[in-house]
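Just so it is clear: chains get the letters A, B, ... in the order the sequence lines come, proteins before strands, and each one is counted from 1.
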2 protein chains.
Amino acid sequence: MKINQLAQQADVPAKTIRYYEEIGLIKAPQRAENGYRIYRTDDVHRLIFIRRCRDLQISLEDIKTLLAAQSDNSAPCDKVDNIIKQQLKRVQVAREELCKLEQSLSALASSCQRNKVSECGILHKLHSEEA
Amino acid sequence: MKINQLAQQADVPAKTIRYYEEIGLIKAPQRAENGYRIYRTDDVHRLIFIRRCRDLQISLEDIKTLLAAQSDNSAPCDKVDNIIKQQLKRVQVAREELCKLEQSLSALASSCQRNKVSECGILHKLHSEEA
DNA sequence: AATAAAGGTTCCAGCAACTGGAAGGTCAAG
DNA sequence: CTTGACCTTCCAGTTGCTGGAACCTTTATT
């Protein structure tokens, strides 16, 4: 299978696949005589796994760890567990941050009644202490 | 006032101030004879404004627009209004995304009962269709 | 006065995770 | 036989900084 087929099946741009290879996230595949990369069905699964992790905004570094954990089947899964828990923490914190942001911004958005910048409540609030 | 004083008063690293100057977000200040940047009280206010906007995760591009709007006092504040509304939208979308992420991750986090990778529910779910 | 520490300056590199584009080789179809 | 799609490599750019080297100036201490 050539790179674009893999790309299509895993729903990951070909460019990104080459990038993943470059940074060592996936191993370099065999090459055809013309130099084209040749992939196996196995690679589709691995790449889909990676895409799912990326959908969950797990960093490439952490994905590397997850992949490594999988290649050693008898290893304890503390690492896997920790990564997911960490991610959950990160996402929770980020969501809380965004909630605060949302409040600030919606307060700002409702504060512009005039139509001249000099009288604009938004800019006034952004300049005042409490914004 | 020298750059580190400005940095302290506005709570923005000196390095970042130079960067803002470089990309044209703030204008180049006067220089002392020794080449040091000399800032005025005015600059403190502008920089605090910028920091507040960054706290709200408004992009430097948009902050540029907000600053430009302010320098033309008689301009209508549609632009300001639009930027804030856009930001609000962006933040709302991002928060919703994070809520979904949080659900997925917390489902994953609770799915590991065994202590071998080969039996790890987390990895199984990440490999299965629905993850 | 000599020297050390603190604070300036410039420029270059790197982070994450790609993405775009140039320049060129290969392959199937009309 | 040429057009167009697909492959290759390599280089550059994105966002918003941040770290560090190499160097100069000012201030404090011995």
How long is the line joining [atom1] of [X] and [atom2] of [N], in whole Å?
| X | N | atom1 | atom2 | result |
| --- | --- | --- | --- | --- |
| E33(B) | dT25(D) | CD | P | 12 Å |
| M1(A) | dC6(D) | CE | P | 16 Å |
| E21(B) | dT10(C) | CD | C1' | 12 Å |
| R18(A) | dC6(D) | CZ | C1' | 9 Å |
| R31(B) | dT25(D) | CZ | P | 14 Å |
| E22(A) | dT8(D) | CD | C1' | 13 Å |

Whether [X] side chain and [Y] backbone form a donor-acceptor pair below 3.5 Å:
| X | Y | answer |
| --- | --- | --- |
| R51(A) | A10(A) | yes |
| D62(A) | S59(A) | no |
| Q5(B) | K2(B) | yes |
| R18(A) | I3(A) | no |
| R54(A) | I58(A) | yes |

Distances for protein N/O vs nucleotides 24-26 of chain C N/O pairs under 3.5 angstrom?
unit_1	atom_1	unit_2	atom_2	d
dG25(C)	N2	Y36(A)	OH	3.1
dT26(C)	O4'	Y36(A)	OH	3.4

Open item on the list: Can you tell whether the side chains of E102(A) and R95(B) come within less than 4.0 Å, N to carboxylate O?
Closed with: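 Judged by the 4.0 Å cut-off on N to carboxylate O distance, E102(A) and R95(B) do form a salt bridge.
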Open item on the list: Looking at K64(A) and E61(A), is any side-chain nitrogen of the basic one under 4.0 Å from a carboxylate oxygen of the acidic one?
Closed with: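 K64(A) and E61(A): salt-bridged.
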Task: Residue pair Y20(B) / I50(B): nearest heavy atoms and the distance that separates them - done: CE1-CG2, 3.8 Å
TODO: Taking only heavy atoms on the protein side, list every residue of residues 3-13 of chain B lying under 4.0 Å from any atom of DNA chain D, sorted numerically.
DONE: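 Of all residues in residues 3-13 of chain B, the ones placing a heavy atom under 4.0 Å from DNA chain D are P13(B).
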TODO: Using a 4.0 Å cut-off on protein heavy atoms (strictly under), produce a 5'-to-3' string for nucleotides 11-18 of chain C with B for base contact, S for backbone-only sugar-phosphate contact, and - for none.
DONE: ------BB
- [ ] Have a look at R37(B) and say if it touches a base, only the backbone sugar-phosphate, or nothing, with a 4.0 Å heavy-atom cut-off.
- [x]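 Sugar-phosphate: the residue R37(B), judged by heavy atoms under 4.0 Å, touches backbone atoms but no base.
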